[in-house]
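Only one structure is covered here, and it is reproduced in the block below.
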There are 2 protein chains.
Amino acid sequence: MNKRSATESKSKIINAAIKVFSENGYKGTSMRMIASTASISVGGLYLYFANKEDLYLTLIKEAYDELTRKVTNARNEAGSSSEALSLFISHYINTARKNRELILIQGREHKFAFGMDIKRKFFRDQKNIIEGIIQQGITSGEFSGCNVKETSKIIFCVLRGFILSLIVEPDALFSPEECSNLILNGLLKGKQK
Amino acid sequence: MNKRSATESKSKIINAAIKVFSENGYKGTSMRMIASTASISVGGLYLYFANKEDLYLTLIKEAYDELTRKVTNARNEAGSSSEALSLFISHYINTARKNRELILIQGREHKFAFGMDIKRKFFRDQKNIIEGIIQQGITSGEFSGCNVKETSKIIFCVLRGFILSLIVEPDALFSPEECSNLILNGLLKGKQK
DNA sequence: TCTGTAGCTGAACGTTTGTTCATGTGAACT
DNA sequence: AGTTCACATGAACAAACGTTCAGCTACAGA
């Protein structure tokens, strides 16, 4: 193994790319900016990534995989449906907060279609999980009957709005508990508090 | 007045700019793209706008003003607080839908700070309106006591998520009625349906 | 018909972009 | 000490960028 380590250089590049892409978006980021942030030469970038697009896609792919992995676990940890939903929401919000830098990238996209297949899959997965939780809650009599698809869209939009706030207006962020509380009291058959 | 009308050319440019900026973002849009979409020469753009930034800011300023104008009206039209909130939500969602192209632009921003003062003012205004409605509902005994600031943040995030959906995933959109229903049943003291 | 001028053009300029490649460097082997 | 080769460099290239400006066109009023 060389002292000038390849893996070390690659991770230096990845970290620099996250930072620079997050701050300037795809089009707003030049390979030279990434190179200088990583303290490496322009040409050096091309030793590890085929081109700018390859480097970018590597980043957002990893970001989504991580978020998905953590959030899907929430489902198995809960007893009741309300607890499942609350856990889902708090997992989602907390991981989003923690991975803020990675998520910032998606707010600065250069084209609609770019990496869209990765995102669509992610969105579909998330919405399916929410739908599953609501459906089960209705079946078990815990939630009042409602339009499952429509309701899960709304819940998903709250979370999506949270993500957008993360990007544009950090002081608009709310707590997971308050969020679950508002949503659940609209879902639960018997009013409680 | 010349047959080669200045006002007509200017509006041709604005329409073209909305279209091209929406599809490609700020950095992704070149003055040549706007010019050719507007069927005008590159140089012609600079007869009406000082530079690229000036042209862009003109667009988003108008977009926000329009949305604000329409939404603020909702407040005066309602009798009860629940009706006020429902009206606010449906006005917001419907105007957002109608002005989709204009709003798309904000999803493709090139830098955080760019035009951010305009946006922040808009966000503050919107949240104040929601807070006002909730506060009034609590005072009148229509809504159950809750953390006003936190709750209005969540409601605002639903709408913000709706906007983001408008950009990235049009089939994730929900109806204003269903949204009001979910939120209100969490707010109303007595459960109803 | 001629003239003044508002409206418009597109070649040209200086930068910056993504990418390439001939060249250099240094740790790990014999 | 010599050889090797993974790792690294940055000048160079073509393409695209925002912006300028000398010159054109077409209309209004004389």
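Throughout, protein chains are lettered first and strands after them, A, B, ... in sequence-line order, and every chain is numbered starting at 1.
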Can you name the atoms? Protein N/O to nucleotides 10-15 of chain D N/O, anything below 3.5 Å, with the distance.
unit_1, atom_1, unit_2, atom_2, d
dA12(D), N6, R32(A), NH2, 3.4

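Atom CD in E53(B) sits roughly 12 Å away from atom C1' in dG18(D) (whole-Å rounding). In this structure, the NZ atom of K27(B) is 10 Å from the P atom of dT16(C), given to the nearest Å. One interatomic measurement links the two molecules: CG of L45(A) to C1' of dC21(C), which rounds to 15 Å at whole-angstrom precision. When rounded to the nearest whole Å, the span between NZ of K52(B) and P of dT20(D) equals 15 Å. At whole-Å resolution of the value, NZ in K10(A) and P in dA6(D) are 16 Å apart. Taking atom CG of residue L47(A) and atom P of nucleotide dC21(C), one finds them 13 Å apart after rounding to whole Å. In this structure, the CE atom of M33(B) is 9 Å from the P atom of dG18(D), given to the nearest Å. Residue M31(B) contributes atom CE, which lies 15 Å from atom C1' of dT9(C) at whole-angstrom precision.
Residue S9(B) has a polar side-chain atom (N or O) positioned under 4.0 Å from OP1 or OP2 of dC8(C). Using a 4.0 Å cut-off, some side-chain N or O of Y48(B) falls inside it from OP1 or OP2 of dC8(C).
Considering only the side chain of S30(A), dT17(C) comes nearest among dC7(D), dT17(C), dT9(C). Comparing dT19(C), dT9(C), dT19(D) by their nearest atom to the side chain of N51(B) picks out dT19(D). Listed nucleotides: dT9(C), dG18(D), dA8(D). Nearest to the side chain of Y46(B): dG18(D).
The shortest distance between side-chain heavy atoms of I14(A) and Y48(A) does not fall below 4.5 Å. Within the 4.5 Å cutoff, the side chain of K52(A) has heavy atoms near those of the Y26(A) side chain.
A donor-acceptor pair is defined here as one N or O able to donate and one able to accept, closer than 3.5 Å; such a pair exists between the side chain of N15(A) and the backbone of S11(A). Put simply, the side chain of K10(A) never gets that close to the backbone of L47(A): no donor and acceptor are under 3.5 Å apart. Side-chain atoms of K153(B) do not come within 3.5 Å of backbone N or O of K127(B) as any donor-acceptor pair. Put simply, the side chain of T29(B) gets close to the backbone of V20(B): a donor and an acceptor are under 3.5 Å apart.
With F162(B) as the aromatic partner, R160(A) does not meet the cation-pi criteria of under 6.0 angstrom to the ring centre and within 45 degrees of the ring axis.
Nucleic acid contact for S36(A): none, since no nucleic acid atom lies under 4.0 Å from a heavy atom of the residue.
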